[in-house]
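Numbered from 1 within each chain, the chains take letters A, B, ... in sequence-line order.
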Amino acid sequence: MSITNLLENWSDFRHQHPSEDRPHLEYKWAMSIDLDSCTGCNACSVACYAENNLPVVGKEKFAHGHSHHWMRIERYWDNDGREFADQGAQFLPMLCQHCESAPCETVCPVGATNHTADGLNSQVYNRCVGSRYCNANCPYKVRYFNWYDYPTTDNVWPAPMEQQLNPDVTVRGKGVMEKCTFCVQRLTVAKSDARTEGRLVLDGEVQTACQQVCPTGAITFGNLVDPLAKVGKQWMQQQVDLNKDKQAKDAAEDAVKLRGYRILEELRTYPSVMYLEQLRESAI
Amino acid sequence: MEKDIREDIAWAQINKDVLKSLESPRRIYWVILLIAIAMVGVAVGCEIYQYQTGMGVANKNNSHVWSLYIATFIFWIGMSHSGTLLSAILHLMHADWRKPIYRFAEAMTTFSLMTAGLFVMVHLGRLWQVYYVMPYPNERWAWPNFQSPLVWDMFAIATYLSSSVLFLYVGMIPDLAICRDNIHAGWRKKLYTIMSLGWEGTDRQWRNFRMTYLTIACFLIPLAVSVHSIVASDFAMSNMPGWHVTSFPPYFVAGALYSGCAAIITLFIILRYVFRFEEYMTLPIMRKLVRLTFAIAMVWTYLNLIEFASVWYGHDQTAKDQLIFKATGPYAPYFWAMIFFGSILPLMLAFKRFQTHLPILFVVSILLNVGMWLERWMIISPSFAHGHYPWAWDHDQWPSLIQWGMVFGSFGWFTLLFMVFCKVFPSVSMYEVKEMVYHRSLAQKHKPAVKGDY
Amino acid sequence: MIENGFNRRNFLKVLGWGGATVALSGCGNTSVEDGREFVTSYAETADYIIPSIGTYFNSTCAQCDAGCGIMGRVREGRVLKLEGNPESPINNGKMCGLGQAGVQAHYNPDRIREPLLRNGDRGEAITWEKALELINEKVGSVNPENVAFLTGVVSGHVKALLNNYLDALGSGHHYVYEAVAPSVVRASNKKAYGVEMPRLSMDKAKVIVSFGADFLGAWVSPVHFSQQYARFRKPDNGERGVLVQVESKMTLTGANADRWLAIRPGTEGILALGLINSLAAAGLPVSEDVAAAVGEYTSDRVSKDTGVSAEHIAKLAALLKERSPSLVIAGSAAEGYAHGSQNAAAIALLNQVLGNVGQTVEAPSSVPFPQMAPSTGNSFALQSLSDDMAQDKVKVLFSYGANPVFTAPAFFKLKENLKKVPFKVVFAHYMDETAVEADLVLPLNSAMEDWATLMPEYIAEGAQLNIRQPLMEKMYPGTLGVGDILLAMLKQRRPDEYNDYEDFYSYLRSAMVSNKDALGGADKDDDTFWETALSHGVVKLVGEPVNMTGSMSAAALVVPAPFAEDATYPLHLIPAVSASMRDGRNANEPWLQESPDPLTTIVWDSWVEMHPKTAAKLGIVEGDIVEVASKSGAIKAQAYLFPGIHPDVVSVPLGYGHEAMGRYAKGVGSNAFSILDPVFDNETGELAMHETRVKVTKAGQRVIIVKDEGPAGGSQMGRRIALRIPSNKVNLSEEV
């Protein structure tokens, strides 16, 4: 990038989402997670380990908070002082929210994390210097740092375990930040296949690893720009607008409510993951 | 009225006294130097281990991605402000009493910046790629992210460091010439000859010198304020509860001046003793310094209260939770220690009898800096422990010995640089002390032109 | 002309590579030159290898016995990841975490790589020829009556071969052992419905009442049930199904229930009868004998006995009456008592009274090839074996697919009894606790290297035969598939019949192809049929629906009164079966160890779950190391306070506490199997897993529990993170 280029195209470089006047062109990857379907079984989390070469750090490092679960299942209790959690738990699969206005992106000193044209919050491992500012500024704390050099750490991938590693995904060395990529390696393949055939990626053509494995189908993933995509229909039906930080749900006082929401939306991160509230029967 | 300095010191005596510091300090100088080298050794060992093994050995984690390194980084940046305050601000304000002590304060600025810079380095997960932060021309379209306060930091610190080195050096030129003229052989002679840039003390040289010095001083003041404001933006620009505070920049600057002044008191006492500078670093000067420190302490306290109040009466429940957590959670002992050392202890400095009591001042000034260090740590750690997302809270994290070793070693590194400086360069500005003596003798002859301690 | 196929292109290839290797290695011989390794040119690869493109092969998961179809992603000859096979009606392309970890069983660094013969305390590597010869010799030298086979669940052609071998020997000693199995429920189902495992149509039910069946976590076929559960929660008409879970320790399913009812342990049957009583009182027609049987189970009494409030009983009865069909399931929590059969019968009666039999409890299909139908196991089998061994009735023991030394409670004295067996052959993947005791260890192929057919116990629709095929080349030349070993052993006994088969693959193929008409391949030629079967991974079979009996007599139904208090051992121990650890056979797969337990979020260790009230009474706080002592033994583990457990109960997960097996399993946690008391179900003789009474004392130490949950625990601290609303506030039918 020459200085001239930089100056001439400055508005392009500084262009940020969300914005109404410059919508996404072909793709805007987004997700919705139905918390009423999620059973907290952890299949998505293990699938993510398998797909994305996540290191198993072992008990000691886990105890120090060095775990690498891009997809983590949080379990909340809501027993309000009652003796038992008699309405069950609230499970929440938490992954990178791929915020449209991502707090992590603005603070990275080297631009290692930035927004792609199709609305992903990407992490460039090669560029990362490991300042960890992105994690510091991430309200969801879904960024995971390579505190050690896992490829050379004992019992992380002892031979022949390394043969399982997915060749489509970088194995990260020490000192870089990593996080959920929405399985960008799968997206890339799908997009390139579609491009070869002169079309766009169809809904359902590409799945993230967590979505693919989920036994209850709680996770929907797709292209928000595609009017036929299920994820877009869900967002629309739940009246969740990518570009707003307050949704219709919060305003509605009617009897029938919507259950789509985004976590910590009030921080104006404009996440790309919509959650659907868990339901509980009141007749019992 | 006390005198800041005796007016009857002969100029030759000043030269003699100061130049003596380049030759024969007390034995304790060597003891301090050795201890400092040992401390640096500890830090170097820690860094080698951390570099090879990974940042995990520092016992940070995904909740606490920053820890002592950044806290100590801010601490050292803060320390650097005192030099600018004394030499530039007080210079512009014609406060004569700063003259015997500003040189070492400026050295302190430079060296604490050099220490702070190292903390940014050891903090990085991939130190070997640190140059990515700099905007260097390359064919990969890869520039640093100019939106990031860390990049601003890089610019601010680099500018501040180079400017303060320049300032320190320029201010030293006349003294270097004195050294050159008084030392007859050896590497020092060559060094001083080169560094004094052919200073002869002509009128023209003096005129240009004054102008240059004044210009740099004017330039340095906004720079100093901006550096710590930018460091404050690292936090204020983020969305972490406890950091997302508008008053952070002035708060940081006040804290910086505060810890800097406290450090000057400490070093004042050490230098006065080690290099036998009783004639120059006099108690009346100390009294003024202490009063200044007291005033800044109160400013800091005020800004602290402002911060608490704005959080308390604000609408950000998360930030309020965070404040309550600081005051009542596992960090409470450190938090209240910070309040005590930062706001209560300095009240002592208001009493005249303590203002010149060197042993007490020595202890108090160190404790003030402990308080200021705690302040930085209380900015960093509790926010990570208790942020936006309860699931990721971590109240138990404690820095490992590697981190402590590095922090410990940084004090050695600073001391080492400082001690070497004092031995190689005149740590008391000879020409300015002469000016001061001259002014005093004038004042003896005539009535003071201005009201005050002239 | 060069006639031997060594054409110009090959010549150039050799020349090129040879030149390159010489150039690279100087004068020394390289492994390529020596023939120890060979170079594969991607310019001319096998047609299923496309460099950098993953190809998918269907197979069957081996991580548990549910028999999900898997689809292995293979790239450059390595299997990388398992996906669900969309063609399998059991899992429809979905997987669980346990199944995903199957690749870690395959690539596990602790796998045994060659046959090992005991020499003192060590295992000495021997050849397969020698090993098989030894087996032949040992089996030949004893009375066939003294040869015993201990296996886990077996089905398909492996089972057929095994039976043939036993036949050839003339021994009938095949013990099928499952450490954790719904065997009492099977027996009770058989009595109540005429089938062991009826088909549960959760998606048709409007209310599910599960008595401790963890069907979303570890019960029978969790991936299948999870899919049904999703449709049950969100059917097309928007009428969301209601799940009520009744159990003493919250399972994953309990954590997803609309109402989780903490019941006093062992009183599940009482509640079932009480519900029938309430339903009858509310006007649900019940037969006279039923009415008589439940007459005394008034709401007040039931509430007092079970600890479930009368309000909840009334609400539940109303719900069941109002919303039909419903489905009542008896799970491990109900069956794990001495009166487990009675509990299960009472629950089955509730289903019958509600008219669910035939509606949501449906008849499964018959299996066209009964010789391939799964032999399901139970713990009674292990007990019989143990007794036989104690009486020196076993001279040669084969063990496959089970790890009894680990899973048998201490009172079995299995290890001592094993020592009485002069020759023990263990087919194993790892040097697990049982393999360590063996005289001969035969290393098995991993499920990703092996051929097999399998027939799962619970089949979603029709009948099906699953196919397991290698997803890649064998990792180690020294391992063999269980089918190959059995075939080799059969060749020793019945050479005429089996010598034609070179290996298990050829046996399997010819067995399948020769039956292709019955396997739905009547119109295909042999190769097409076989390749179709392989590419689908599943052969769907036509089975006749089995007749179910819809009526059971309530006359003989007696449910005992609740347990009396025990001053010495005041607490009930519930050994928890977690979704990823199960009975511990997969404990050496690190993904499972590091995957937090869904309810406690604990990793890499076992724990003692207890209610905060109980803990307060005992002065225990989280992280205290406590000793859990029963009459049969004691273990130590960290205490975890948990709002989903009855105050009279403590729970320790199974599967931890391995003393062998491998680097990831060994020494992690403590083994809850070991302290189970010798109490058995009255009717089936099954080990009553939930009957153990324990006392819990502080052992003095305290640790910081390694878990994902932070200091905020399960609280959201007033922040909007995971939200929940009443289901009547939304309209699901409008949703996408």
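- Looking at B:W128, only its side chain comes within 4.5 Å of chain A, counting heavy atoms on both sides.
- A:S131 and B:W66 get closest at one heavy-atom pair: O-NE1, 2.9 Å.
- Atom CZ of A:R268 has 12 or fewer neighbouring heavy atoms from other residues, nucleotides or ligands inside a 6.0 Å radius.
- Of the listed residues A:T269, A:N126, A:V142, the one with more heavy-atom pairs under 4.5 angstrom with chain B than any other is A:N126.
- Per-residue counts of heavy-atom pairs under 4.5 Å with chain B were compared for A:E266, A:M177, A:H68, A:R72; the largest is that of A:R72.
- Of the listed residues (B:L150, B:V120, B:N145), the one with the most heavy-atom contacts under 4.5 Å to chain A is B:N145.
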Side-chain donor-acceptor distances from residues 43-52 of chain B under 3.5 Å, at least two apart:
from, atom 1, to, atom 2, distance (Å)
B:Q50, OE1, B:Y69, OH, 2.4
B:Q50, NE2, B:V122, O, 2.9

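- For residues 33-66 of chain A, heavy-atom neighbours of chain B at less than 4.5 Å comprise A:H64, A:G65, A:H66, sorted by residue number.
- Open room surrounds CG on B:L401; 12 or fewer heavy atoms of other groups in view lie less than 6.0 Å from it.
- Side-chain atoms of A:Y133 and B:P149, non-hydrogen and from C-beta on, do get closer than 4.5 Å to each other.
- Heavy-atom pairs under 4.5 Å with chain B peak, among A:G173, A:P103, A:C108, A:G111, at A:C108.
- Within the 4.5 angstrom heavy-atom criterion, atoms from both the backbone and the side chain of B:V57 approach chain A.
- Using a 4.5 Å heavy-atom cut-off against chain A, the contacting residues of residues 233-249 of chain B are B:S233, B:D234, B:F235, B:S238, B:N239, B:M240, B:W243.
- Of the two parts of A:E105, only the backbone, made up of N, CA, C and O, holds a non-hydrogen atom closer than 4.5 Å to a non-hydrogen atom of chain B.
- Panel note: side chain B:N62, backbone A:K141; no donor-acceptor pair is recorded below 3.5 Å.
- Looking only at side-chain heavy atoms (C-beta outward), B:W391 and A:M94 stay at 4.5 Å or farther from each other.
- Heavy-atom contacts from other residues, nucleotides or ligands closer than 6.0 Å to OH of B:Y313 number 12 or fewer.
- Going from atom OG1 of B:T318 over to atom CG of A:L267 covers 7.0 Å, rounded to the nearest 0.5 Å.
- Around the NZ atom of B:K320, the shell of radius 6.0 Å holds more than 12 heavy atoms that belong to other residues, nucleotides or ligands.
- A 4.5 Å side-chain heavy-atom check between A:E74 and B:Y389 finds at least one atom pair inside the cut-off.
- In this structure, the portions of B:T53 lying under 4.5 Å from any heavy atom of chain A include both its backbone and its side chain.
- Chain B forms more heavy-atom pairs under 4.5 Å with one residue of A:V107, A:L92, A:V129 than with any other, namely A:V129.
- Counted within 6.0 Å of CH2 on B:W312, heavy atoms from surrounding residues, nucleotides or ligands total 12 or fewer; the atom is thus considered open.
- In this structure, the side chains of B:V151 and A:P109 come closer than 4.5 Å at one or more pairs of heavy atoms.
- Side-chain contact between A:R132 and B:K60 is present, with heavy atoms from C-beta onward closer than 4.5 Å.
- A 4.5 Å side-chain heavy-atom check between B:R126 and A:V176 finds at least one atom pair inside the cut-off.
- Remark: the backbone N or O of A:V110 is not paired with any side-chain donor or acceptor of B:W143 at under 3.5 angstrom.
- With a 4.5 Å cut-off on non-hydrogen atoms, B:F384 touches chain A through its side chain but not through its backbone.
- Interface with chain B: from residues 143-153 of chain A, residues A:R143, A:Y144, A:F145, A:W147, A:Y148, A:D149 qualify, criterion being any non-hydrogen pair under 4.5 Å.
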